[in-house]
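Reading through the structure tokens given below for one structure.
Order of the sequence lines fixes the chain letters, A, B, ..., with proteins taken first and strands second; residue numbering starts at 1 for each chain. All values below come from the heavy atoms of this structure, side chains included, with hydrogens, waters and symmetry mates left out.
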2 protein chains.
Amino acid sequence: MESELNTGVLLFLPYRALENRVFAALAEAGFNDFTPAQARVMQRIAPDGTRLTELAEQAQVTKQTAGFLVDQLEKAGYVTRVPDPTDRRARLVRGAEKAWAAKEVADAVVAEVEREWEEHLGKRRMRQLREALILLREITDPWQT
Amino acid sequence: MESELNTGVLLFLPYRALENRVFAALAEAGFNDFTPAQARVMQRIAPDGTRLTELAEQAQVTKQTAGFLVDQLEKAGYVTRVPDPTDRRARLVRGAEKAWAAKEVADAVVAEVEREWEEHLGKRRMRQLREALILLREITDPWQT
DNA sequence: CAAATTAGTCAGAGAGCCTGACTAGTGTCA
DNA sequence: TGACACTAGTCAGGCTCTCTGACTAATTTG
């Protein structure tokens, strides 16, 4: 229900297709020891580390959930936690070597899929699509890094 | 990680923003007795009913999961199950009155959000966005009803 | 009609995510 | 400077979602 072709569904379909491709490629490359939920958190880690609370907000889960997921990522060797020099309560979650390696694989697949999309849409439409989405982000992304 | 602004993320952000708005509005209207997972299944129910297996495929979950979710929707009064006249093994999941009422609320919010987006992007860009997404669906939606 | 397939259920388990309650460190301001 | 409000993160417990595996009943195929 909820209408046959609203823009929401149209946005979701290609997103999911892309995500599926990325996960399949990661699994094939041997990165099969993390879950989609963990990946969603991992995506948000800044190059110089990010606080747990911030990660939780951006991934739209509670601090507890984020903490749990980071625990697992830490065990699997994807991230480390280091003390935040500016606040002794906090710790920074940092990506480890393994995480950057996985990111490289993921990025390659994303680039490949984007090429396929561009081929299907044509250069002009692809540009228009990205342009519209980037504009849309202004009113739909509360974090807007 | 997974790159700073790939098209996937750009697609996801407005999708999630829209979904959040719809859920908030439904909750406010008193439809707070179903979960996102249940909604994802409910969305796929055709006006004249849909089989469980088909629902499961489209929502990308197992038959068991779909069955579980439909059970709950049935208990909450959103759907009913009727025998499929063409196959005595199967039953059709049908939306009940309550589901159509919820759909009306949801549709109204979607329309409202789409108006807001159009206002932000301008008519031309909004049209281009939808055009590109509809084209993209051809290569990213395996069900393509 | 026997064999293979398909619709759906039952049982059990693990992951994900939440609420509530808590500890420890930080900022504010009288 | 010391009480108070706030923020970072953890602990405990529980509910929801989703899966795998095994099964029954009806349908299709050869």
[X] has an atom [atom1]; how far is it from atom [atom2] of [N], in whole Å?
X	N	atom1	atom2	answer
B/Leu69	C/dG8	CG	P	15 Å
B/Asp71	D/dT16	CG	P	13 Å
B/Arg51	D/dA26	CZ	P	14 Å
B/Leu55	C/dT9	CG	P	12 Å
B/Met42	D/dC17	CE	P	12 Å
B/Glu74	C/dG8	CD	P	13 Å
B/Glu57	C/dG8	CD	C1'	14 Å
A/Phe68	C/dA15	CZ	P	7 Å

Respond yes when some side-chain nitrogen or oxygen of [X] is under 4.0 Å from OP1 or OP2 of [N], and no when none is.
X	N	value
A/Arg81	D/dG9	no
B/Thr62	D/dT18	no
B/Gln38	D/dC17	yes
A/Thr35	C/dG16	yes
B/Arg88	D/dT27	yes

- Message: Regarding A/Asp87, tell me which of base, sugar-phosphate or nothing describes its non-hydrogen contacts under 4.0 Å with the strands shown.
- Response: sugar-phosphate
- Message: Counting the atoms with a prime plus P, OP1 and OP2 as sugar-phosphate, which does B/Thr65 contact under 4.0 Å by heavy atoms, base, sugar-phosphate, or nothing?
- Response: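 If one applies the 4.0 Å heavy-atom cut-off, B/Thr65 turns out to touch a base.
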- Heavy-atom pair with the smallest gap, counting every atom of A/Glu114 and A/Met126: O-CE, 3.9 Å
- Query: Want to settle it: does B/Gly67 or A/Gln72 sit nearer the 5' end of DNA chain C, counting the closest nucleotide to each?
  - Reply: B/Gly67
- Query: For B/Leu52 and A/Thr86, take the nucleotide of DNA chain C holding the closest heavy atom to each; which residue's nucleotide lies nearer the 5' end?
  - Reply: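 Here B/Leu52 is the residue nearer the 5' end.
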- B/Arg89 side chain: which of D/dT27, D/dC17, D/dT10 is closest?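 Of the candidates, D/dT27 comes closest.
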- Candidate nucleotides D/dA8, C/dA7, D/dC17, ranked by approach to the side chain of A/Lys63 - the nearest: D/dA8
- Query: Among A/Arg51, A/Arg91, A/Arg89, which residue meets the salt bridge (charged side-chain N to carboxylate O under 4.0 Å, His left out) test with A/Asp84?
  - Reply: A/Arg51
- Message: Working note: B/Phe23 + B/Phe31, criterion side-chain contact (heavy atoms from CB on, under 4.5 Å); need CA distance, chi angles, decisive distance, verdict.
- Response: CA-CA 9 Å; B/Phe23 262 91; B/Phe31 298 106; over 6 Å; no
- Task: Assert yes or no for the condition that the ring centre distance of A/Tyr15 to B/Tyr15 is strictly below 6.0 Å.
- Result: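 No; B/Tyr15 has its ring centre 6.0 Å or more from that of A/Tyr15.
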- Message: Whether the side chain of B/Gln128 engages the backbone of A/Leu129 through a donor-acceptor N/O pair (distance < 3.5 Å, no angle test) should be reported.
- Response: no
- Could one point to a donor on the side chain of A/Gln64 or the base of D/dG13 with an acceptor on the other under 3.5 Å away? no
